[in-house]
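Here is the structure we will look at, set down as structure tokens.
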Amino acid sequence: MESATVALGHRHEEEHHGPPEANQSSRMDRQTLGILLFIVSEVMLFGAFFASYFFLRVVVHPASWPPHPYELPVAVAGVNTAILVSSSFTIHYALESIRRGNRKGLKLGLVLTWLLGATFLFIQINEYVHLGFSARDLAFGSIFYGLTGLHGAHVFVGLMLLSFATIRAFRGHFGPEAKDHLGVEVPGIYWHFVDVMWIIVYTTVYIL
Amino acid sequence: MAPHSPGTDQIDTLLWIGFVVAAIAIVAINGALIYAVRRYRGARDTDPRQVRGGRRTQFRVGALLSLFAMAVLIVSLVYTEKARETPTTGSAGLASARSEPLRIEATGQQWLWRYDYPNAAFSYYKLVVPVDTTIELGLVSTDVIHTWDVPQLAAKRDAVPGKTNHVVFRADEEGAYDGQSATFSGQAYAAMRTEVDVVSPQEYKDFIAEQKAGIQAAQDRVVGLIKEGEVP
Amino acid sequence: MSAARPEVVADGFSRRRPRWVELVTSADHKDVGRVMIVAALGFLFIALVEFVLMRLQLAVPENSLLSPVTFNRMLSLYGATAIFIFAIPLALGFFYYLAPLQIGARGTALPRLGQLGLWLYIAGATVLYAGFLFTPSEAGVNPLAPLSELAFLPNNGVDAWAAATGLATLGFVLIAINLVATMRKMRAPGMAWRRLPVFAWSAAIGSWLLLMIGPVMLAAITMLLIDRNFDGIFFADGSGGAPLLWEHMSWIFFTGAYMLILITALGAIAEIVPVFSGKPLFNRGAVIGSLLAIAVIGTLAWMQNMMTAPIGIGWMYFAMIMSLALIVPFGLILFNLIATMVGGALHMRAPLLFAVGAISMISIGITAEMVHSMVAVSWRLHNTMDATAATHFALVGGSIFGGFAALHYWFPKMTGRTMGETLARFSFWTMVTGTLLTFVPLFFAGADHGQVVDAYKFFDGTGVNAENLIATVGAFVLAIGILLTLANGMLSRTGGARAGHDQWGGDSLEWFALSPPEPHNFDVLPDVRSDRPMRDIRAAIANRSRRAERAARETQPVA
């Protein structure tokens, strides 16, 4: 690499073996950047499902929505919403704890979040069992199960990520430095996204 | 293909305008490209001036292109609106269709068109319409998406299951016009053709009467067979 | 700081493993990019075979060479292969190989994600052609619901199609995420966004575009699979389903993919033309802005494909306005490319030749598309051979001519050897002849006689016999031309003339690396001071050696 040594010969003066540090053109960690971009694509995925929901409801315009005789358990789902939203606060508590070096708080926060998430999923599945209609019943059934099922799958993936974080927390991983608790922060960002998405799903499907 | 309906007349004109504009644009772009290549292919060692272009050129070129786009848009809007106008039945047309267009329903099904006329007559493959009469064709489908496409008579339109689409035309000359289905619809798609027979109003009435008589005869025969006990 | 450093994948290499094992297990962006480009070109060959077979069937009226079912399977496979398995991966392969080099990065931000993306794409291609061994899809290029529903195509072909394109699309989205993250995080010192090479800009814009449209297609495919396998009612008519829902979502993706292909080609051309003219790109800023405008406005014109569907006239006008608005960015790019050549010293090597060919073909294609976007004209020309010809001019121009321009230009960087010039010229002119012979007659078959697309036969007496025969001959010529370049690539990989590290005197940083680049790309990271960093580096070297010469002359007087 003749040209390089000529053009930037001063590099040789440094007492450094191997390639020099790579330049960082952004202060954000690559993992955080990755999860944010992944969430952008997820927003488009959910967006397509929401657009389909409104297409089937507004453009196709059936006589009633939800179609007679189906009903949605708004109150139970509302309680479920409260459960999922509270898990956003517990994961935030876990992250804040490890930032301050409080390992007990980290473990408590993660376990609570996991339990709240699992409860949400359990209630959701229970709701499916008792709804009285399936994805085969009208386009309403398809899009209802499509949207809530897509979200449920995300909760499930989120729970997996949280499980890894919880196991690592109990094994003594993570520390107060920013780079030492990415394993909590990145699943946390995803979890917040899942929560926010549920609020939108709940508002659209159950309330509107 | 000569247009034979007021709507397709406008479409044809717009197509020609588009064709000429496109031809000019293609010749201009490629002419400039070929000129630049032939004129400036040169030795590597000549050191060209490092021109980077300025904002002013870009705004000028951009403004010219915008004007061009606006012109194309306006011309296209004008002709499209004209092509959408519903013509009225002329003097040579069916008398009963003077105030209201003659409504016929076209049903696309794999891989045949069925036409339902007023008065319960129907026909397959061949659509018979009176000349100089405004026809409103309601397009529906019983299975997959089809496109009703008789280019000389009307704009092509999709027949989508669950929705009704409309085609309006007024044929100005008697004769047979070929048509086809223009959306891929499965195995025998290429064979899904149709024909529009434009006839005089009297011939149209005769045709309807004949169809009705034929349908009635067939029904009578079936009823008779059932009565005789040959068909369970 | 060590955790924040990019993964230097070279650490994992063991020299004892054979090269191909290294290649398929590597997460290095150059290996991943290479596998992608080679796989895409391999599938180009397969798509070509399918295309020629279909053209053979359409050589004479009412031909019975292929049965209707076979033809429809060819058609469906050809569509999926050309778009999902050839054109998009080729674009992404070049992006993935070159964009990190061009921004002066040592690697990518999330190499494992990109590797996963590559193998999802390969898995998709495998599923598509594994389906071929059993029952491929018979639902056409875009499997419009309800034809693609279980009721009308009860075998597993459409499921294979959906799984294949779904896997590939997911892979593209992951690669796009990694590219965007890399461009944001890992630019060399001084590589501000305004100094980013145009092709790197294409990569950024194209990746964002895929990030937007990929999930929409994934949603549509998910719904199709639910419909087919779990009795869902998304697209089925009756019970409130809507066939048009599939049309909207799929056309958003296909239109976006079309724009992605053109953005990639124009980005590569905008790298090649300045280098071979010895001039900077005329109005860089406008070209980059236009690429961005094409991505946004072009994708918003998706309803251009639905001009005959039962949608309101207002939506059709919206699509037309978006399509016609594209005249401005496309026009600006073409103007600036030609203006770059004017006053330059054109070095007529294969990359420039293919670039000029690509500009010409794309100009014909997009001008024809402009005519198609006029609503009333679309009522006549929609789904005719005229539309096929327009789309193929733009996409053959973009993906094949543009792709081959990029291939000839960056081949020395990737392999350390140049592609044979004579064969390249021969292939180029064969391809030009073939493209014109194939698609110009189809313009007339569609516009004059209304011959429809996707049909397995046409009838005698419809006035399109001559056009179709010429098109079939043209398809053979085009295929030969393309095969010559593919052969050229294979032969030159080991037998081509050795290339220098800065083979063409390029402007951007990939020419600063070795040919082929080391796994870590650069020993030293250059300091970027302008949008043509390599030119600066060459000038600095020339300056230095001149100074050294002068110093030598002063200390040692000439005897």
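Convention: sequence-line order gives letters A, B, ...; per-chain numbering from 1.
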Heavy-atom distance under 4.5 Å to chain B: side chain of [X], backbone, both or neither?
X: R535(C); result: side chain
X: A242(C); result: neither
X: D531(C); result: side chain
X: E247(C); result: side chain
X: A236(C); result: neither
X: P280(C); result: both
X: F152(C); result: side chain
X: H372(C); result: neither
X: L153(C); result: neither
X: R532(C); result: side chain
X: A309(C); result: both
X: M306(C); result: neither

Heavy-atom pair with the smallest gap, counting every atom of [X] and [Y]:
X: R41(B); Y: L346(C); value: CA-CB, 3.5 Å
X: Q50(B); Y: G278(C); value: NE2-O, 3.0 Å
X: D12(B); Y: R380(C); value: OD1-NH1, 3.0 Å
X: N30(B); Y: S363(C); value: ND2-OG, 3.2 Å
X: Y456(C); Y: A191(B); value: OH-CB, 4.1 Å
X: P310(C); Y: K163(B); value: O-NZ, 3.7 Å

Looking only at heavy atoms and a cut-off of under 4.5 Å, which of [options] has the most pairs with chain B?
options: L281(C), T367(C), L337(C), L244(C); answer: T367(C)
options: F330(C), F335(C), Y317(C), F71(C); answer: Y317(C)
options: P146(C), S148(C), G140(C); answer: P146(C)
options: N336(C), T340(C), L334(C); answer: N336(C)
options: L147(C), D448(C), I327(C); answer: L147(C)
options: L324(C), N142(C), V371(C); answer: L324(C)

Next item on the list: Kindly check if the number of other-residue, nucleotide or ligand heavy atoms within 6.0 Å of CZ (F459(C)) is above 12?
Entry: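 Atom CZ in F459(C) is crowded, with more than 12 foreign heavy atoms closer than 6.0 Å.
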
Note to self: Working to the nearest 0.5 angstrom, can you tell me the gap between M341(C) CE and R39(B) CZ?
What the structure shows: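 Rounded to the nearest 0.5 Å, the CE-CZ separation comes out at 14.5 Å.
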
Checklist line | Atom pair OG1 (T183(B)) and CG (D454(C)), whose distance is rounded to the nearest 0.5 Å | finding: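 Atom-to-atom, T183(B):OG1 and D454(C):CG are 8.5 Å apart.
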
Next item on the list: Considering only heavy atoms, give the residues of residues 140-160 of chain B separated from chain C by less than 4.5 Å, sorted numerically, with 'none' for an empty result.
Entry: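 Counting heavy atoms that sit under 4.5 Å from chain C, the residues of residues 140-160 of chain B involved are D143(B), V144(B), I145(B), D149(B), P151(B), A155(B), K156(B), R157(B), D158(B), V160(B).
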
Next item on the list: Write out, in numerical order, the residues from residues 58-85 of chain B with a heavy atom short of 4.5 Å from a heavy atom in chain C.
Entry: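 Listed by number: Q58(B), V61(B), G62(B), L65(B), S66(B), F68(B), A69(B), V72(B), L73(B), S76(B), L77(B), T80(B), E81(B), A83(B), R84(B).
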
Would you mind reporting whether [Y] and [X] have side-chain heavy atoms less than 4.5 Å apart?
X: S360(C); Y: L33(B); value: yes
X: S277(C); Y: P48(B); value: no
X: I11(B); Y: V377(C); value: no

Check: So among N72(C), L144(C), V452(C), which one has a side chain to side chain contact (heavy atoms under 4.5 Å, CB included) with F184(B)?
Finding: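 Option passing the side chain to side chain contact (heavy atoms under 4.5 Å, CB included) with F184(B): N72(C).
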
Margin query: Whether the D178(B) and T462(C) side chains hold a donor-acceptor pair (N or O, under 3.5 Å, no angle test) is what I'd like checked.
Written below: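 Checked: D178(B)/T462(C) side chains show no N/O donor-acceptor pair below 3.5 Å.
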
When heavy-atom pairs shorter than 4.5 Å are enumerated against chain C, which of [options] gives the highest number?
options: R55(B), R52(B), Q10(B); result: R52(B)
options: T8(B), L15(B), I34(B); result: L15(B)
options: A188(B), A25(B), G7(B), A182(B); result: A182(B)

Notebook entry, point to check: Between Q187(B) and E138(C), is there a donor-acceptor pair closer than 3.5 Å when you use the side chain of the first and the backbone of the second?
Noted result: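 Looks like no, no N/O pair under 3.5 Å.
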
Check: Side chain, backbone, both or neither: which part of R49(B) has an atom under 4.5 Å from a heavy atom of chain C?
Finding: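 Just the backbone, heavy atoms under 4.5 Å.
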
